[in-house]
Protein chains: 2
Amino acid sequence: MKWKELEEEPCSMARTIGVIGDRWTLLILRECFLRTRRFEGFQSALGITRHLLAERLKKLVRQGILRRIPYQESPKRHEYILTQKGLDLYPIMMAIVHWGDTHMVDERGRPLLHQHRKCGKDFDPVMVCSECGEPLSAKEVHTHPGPGARSLPEKSAPAAASETRKTKTRSRAA
Amino acid sequence: MKWKELEEEPCSMARTIGVIGDRWTLLILRECFLRTRRFEGFQSALGITRHLLAERLKKLVRQGILRRIPYQESPKRHEYILTQKGLDLYPIMMAIVHWGDTHMVDERGRPLLHQHRKCGKDFDPVMVCSECGEPLSAKEVHTHPGPGARSLPEKSAPAAASETRKTKTRSRAA
DNA sequence: ATTTGACAGTTCTATTTTAGAACTGTAGGT
DNA sequence: ACCTACAGTTCTAAAATAGAACTGTCAAAT
């Protein structure tokens, strides 16, 4: 499976990964959410090679996640700002940060805190069900094919470890 | 910046990306959440090369995201199941899937639907504030240094495109 | 008794990506 | 005239990934 094929898979996750699923892209987006907008800003904050940075920015622009807008003429200079599509990545970023805060911090604690302007408090992001508002966990979710499915078998979210099963887990195209 | 350095950055996002921030790892985890547990299952579902699959599974086990447990003796066989740390990745997975559902589906609609067992309905995941319960958006969040920070400057989440600023966005170590 | 197939890897080479550094080109300041 | 800021582009070397074949155990089939 190549990068291009990923974006054509009948799976929203595969498609999304095809767009943002590499190390640098995610870090570039982190910078975007931290208000970095310019080439040099990204480069010096991340230590990414200029070559890759240029390529990733182009890709993000192509994907409609960033917009490249001029901020001065002669020499022409642009900044990269998040589109709505890009801003919609926020829950992904927050989910990633929150997992890291929970499982990857050292003794010193969290590097960053997040304050919710509306209520004024430092918070954690919580993922809830759009229908009933209850927090979600993997075990309470049942996955089933939607209209865009391509012969995907019905499966449930995993439970805790069970003993030996003879189940054959083999199905979707290679 | 190499993979190893990533995990030592004073940023929960960088650390998390160091663990799960590559194409295949994320797809392997998708399979885990879809109940795949065995080597052949992952391999045939994803089309990943066996070499990489073996390596990624080892890494996930080392990181405590999967546990490798025997399901038969002679020949010794193991399955890979999500630990609690792994199950906690669920919000990340859901956030990724939801963004894809919103921005990457074709005419046919979503490949997969998610049903919440508690309320019985197909739902979307929504990220809310742990303190006030309101849905979160990037603009309403203010980021500031926590105890584990290392000279990270204070920054806010980005607003919509503004006009030319002379701001220098240059700060964190390269 | 020998062959075949399931399973879970490992090993090899070829290709693709990424790292690292230097170079291009406009323009402002000194 | 020279230096710096900025936003890239162009190289070569190193690392990661793809693709295919190989190893080894055991059960079932012939």
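Lettering of chains follows the sequences in order, A, B, ..., and the numbering in each one begins at 1.
Each of D:dT17, C:dT10, C:dA8 was ranked by its minimum atom distance to the side chain of B:Tyr71; first place goes to C:dA8. Of the candidate nucleotides D:dA18, C:dT10, C:dG20, C:dG20 has the atom lying nearest to any side-chain atom of A:Thr49. Among the nucleotides D:dA7, D:dG8, C:dG9, the one closest to the side chain of A:Arg68 is D:dG8. Among D:dT17, C:dT10, D:dA18, the nucleotide with an atom closest to any side-chain atom of B:Ala54 is C:dT10.
Taking atom NE2 on A:His51 and atom P on C:dT16, their separation rounds to 15 Å, with Å as the unit. The distance from atom CD1 of A:Ile48 to atom C1' of C:dT17 is 12 Å, rounded to the nearest whole Å. What separates CZ of A:Phe39 from P of C:dT26 is a distance of 18 Å, to the nearest Å. A straight line from CD of A:Gln43 to P of D:dT9 spans 14 Å, rounded to a whole angstrom. One atom, CG of B:Leu57, and another, C1' of C:dC7, lie 14 Å apart when rounded to the nearest Å. Rounded to whole Å, atom P of D:dA18 lies 11 Å from atom CG of B:Leu46. Separating the CD atom of B:Glu55 from the P atom of C:dT10 is a distance of 10 Å, rounded to the nearest angstrom. In this entry the distance linking CZ of A:Arg38 with C1' of D:dG8 reads 15 Å, nearest Å.
Nearest-nucleotide mapping onto DNA chain C: of A:Pro75 and A:Leu52, the residue sitting toward the 5' end is A:Leu52. Remark on DNA chain C: of its neighbouring residues A:Ser74 and A:Arg50, the 5'-side contact belongs to A:Arg50, judged by nearest-heavy-atom nucleotide.
Residue A:Lys58 places no side-chain N or O under 4.0 Å from the OP1 or OP2 atom of D:dA7. Look at A:Arg23 and you'll find a side-chain N or O under 4.0 angstrom from OP1 or OP2 of C:dA19. Under 4.0 angstrom from either OP1 or OP2 of C:dT17 there lies no side-chain N or O belonging to A:Trp24. Contact annotation: B:Arg77 side-chain N/O to D:dG24 OP1/OP2 distance is not under 4.0 Å.
Residues satisfying the side-chain hydrogen bond (donor to acceptor under 3.5 Å, both in side chains) test with A:Arg108, not counting sequence neighbours, are none.
Remark: B:Arg37 fails to qualify as a cation-pi partner of B:Tyr71 under the 6.0 Å distance and 45° angle criteria applied to the six-membered ring.
At a threshold of 4.0 Å, the pair A:Arg110-A:Asp124 counts as salt-bridged, since one of the basic side-chain nitrogens sits closer than that to a carboxylate oxygen.
Rounded to the nearest 0.5 Å, atoms CE (B:Met13) and CD1 (A:Ile92) are 9.5 Å apart.
Within 4.0 Å (heavy atoms only), B:His78 reaches sugar-phosphate atoms of the nucleic acid but no base atom.
By the 30° and 60° cut-offs, the orientation of the rings of A:Trp99 relative to A:His103 is tilted.
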